[in-house]
Trainee: 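Got a structure for you, questions after.
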Amino acid sequence: MGASNIAYALLLLVLINLSNHNIKGTEAFHQIYENLQSESVESVNHLHRTGFHFQPPKHWINDPNGPVYYKGFYHLFYQYNPKGAVWGNIIWAHSVSKDLVNWEALEPAIHPSKWFDIGGTWSGSITLVPGKGPIIIYTGVNQNQTQIQSYAIPQDPSDPYLRKWIKPDDNPIAMPDYTMNGSAFRDPTTAWLAKDGHWRTVVGSRRKDRGIAYIYRSRDFKHWVKAKHPVHSKESTGMWECPDFFPVSLTDFENGLDLDYVGSNTKHVLKVSLDITRYEYYTLGRYDPKTDRYIPDGDSPDGWDGLRFDYGNFYASKTFFDYKKNRRILWGWANESDTVQDDILKGWAGIQVIPRTVLLDTSKKQLVFWPVEEIESLRGNYIRMNNHEIKKGQRLEVKGITPAQADVEVTFYVGSLEKAEPFDPSFTFIPFDLCKMKGSNVTGGVGPFGLITLATPDLEEYTPVFFRVFKDTSNHNPKVLMCSDARPSSLKQDRGPLPKERMYKPSFAAFVDTDMADGRISLRILIDHSVVESFGALGKTVITSRVYPVKAVKENAHLYVFNNGTQSVTVESLDAWNMETPLQMNDGAL
Ligand code: DQQ
């Protein structure tokens, strides 16, 4: 037995032992493996590390925190374990970038040090306060596990890097009162200044199984008072982590809005991250600044069936307003889908998705998302395919780029939807199951067609991303299902040594709100070794999958266009690029 086998056997023993005794429940926001939190990382396995996604050189990361554009730099803070590859010992790590592509790591911004955060420095945000500069508000955990909101200020606001942060002694700014659940009170949003001269921030919470977003007000950014009523709440949704609350324009579909924008021509978006399932949902609605109440629109489902920023592996997301380019940008955490012992062996876990612009769709019923334009600066070798008919059962290889690290944009022309399968109304709320039932190999009428990513030529391993068009029997409107199916993605052993733990290979799916009136639908995919980010119909439906092929890796990964529908499909245009690896000057600081 070699040294690494012995180490692995020991690890198995530790894990099995843990599974019998020590693991805390999932209600506690992250799986907690106390004995592994400070297990030092011996070496980093690079096989599934990403090339152009944000990730530190090693260890665990989760939520993006405090994104902001300040004095020429984009700042990204994030939840980070400096001691290991599982959740724990959480601090705010800090990186800066001039272009959202090349990043430089700085020293961590905040870490547990005071009575009000000694048990953890959890998620929060940054607000640019006129006359004061950037201010962090974040959740600290005290030694009794009570969650408390505090603030931190830069030592030198004139430093564009914002290198050093101070937690003033008049902290904290908000403690849970007797009506509240002190172990469910966290993740304050970026604050905004209302016309009445009071700042507002929203904090996530829960009472029994009701998800709650409290609103706090302050005149001076120091003394905060909870408003009488939550800005919104919803029964049976559990803890609302990482709320995000922002306006979108009803008339300008090209620019984002800052939080304090007031006007009748806006709607508000409230996004919450559901601790129970680790999915998020958002509603569109009306915010009344006088009563501080938010009411979702009647046609914006408020609950488990709600709309999502991303229907895949995506959580704890946060937007910020980039005043340099007048856009709202979304960051989100894509956790690993492999097992905890995989994470320990590879020495790292968690990535941030490519930042995305957020706009209201012209239908005004949902948002649309698109990778920030800066990412296109990484596009290298390029190939194009035009007007290529793909008949039923055909699979066509896309050659001439590096399929394991690529950006692919394709427009399919389907033409008539005559052959689309009838849509059974009972399918409506279970796209995930529908994708599982009607996978990429199940012949349909119109579709399944799409791209096969990270594939071996014999399809021993592959991650297909595809559409399948149904026809509503009552009104003949198309219902377009989009799937990113990780089930065939890896030959790797599914099971970890923990009884319930296994690699997660979901058939993520969602409907795309399009009538395909012109017979077309587009798909863009960012492929990066262990992440596949897919944007259907110009960002109406987005799905991120994490996958771990063992054969379809690096230069052995292939990319195909395919069609398994009886109706032929034309690849009207396909543009694909190699993606270069940006500079990530991350070593050293962490
Ligand atoms: N992660 C943080 C919490 C937040 C959760 C702790 C969401 O503040 O609620 O690392 O992933």
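In listed order, ligands and their atoms are each counted from 1. For reference, positions follow the sequence shown, starting with 1.
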Trainee: Report yes if some N/O of D63 lies less than 3.5 Å from some N/O of ligand 1; otherwise report no.
Mentor: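 Yes, D63 has an N/O under 3.5 Å of an N/O on ligand 1.
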Trainee: Tell me the closest heavy-atom pair linking M239 and F185, and the distance in Å.
Mentor: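 Reported closest heavy-atom pair: CE-N, 4.2 Å.
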Trainee: Quick one: does NZ or CZ of R327 land under 6.0 Å from the six-membered ring centre of W370, within 45 degrees of the ring axis?
Mentor: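 R327 over W370 ring: no.
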Trainee: Evaluate N89 against S38 for side-chain hydrogen bond (donor to acceptor under 3.5 Å, both in side chains), listing each step before the verdict.
Mentor: CA-CA 8 Å; N89 309 305; S38 305; 3.3 Å; yes
Trainee: I need the minimum non-hydrogen distance between A316 and P64, along with the two atoms involved.
Mentor: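 Closest heavy-atom pair between A316 and P64: O-CD, 3.3 Å.
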Trainee: Are any of the N/O atoms on D187, whether in the backbone or the side chain, positioned under 3.5 angstrom from an N/O atom of ligand 1?
Mentor: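 Min N/O separation from ligand 1 is below 3.5 Å for D187.
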Trainee: Show the atoms of ligand 1 that are less than 4.0 angstrom away from any heavy atom in W87.
Mentor: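 Listed by number with element, the hits are 6 (C), 10 (O).
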Trainee: Can you tell me if N62 has a non-hydrogen atom under 4.0 Å from ligand 1?
Mentor: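 So N62 counts as touching ligand 1.
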Trainee: Just wondering, more than 12 heavy atoms not from K83 lying within 6.0 Å of its NZ?
Mentor: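 Not more than 12 within 6.0 Å, no.
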Trainee: Output the list of atoms in ligand 1 that are nearer than 4.0 Å to some heavy atom of Y315, sorted by atom number.
Mentor: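 Answer, ordered by atom number: 7 (C), 11 (O).
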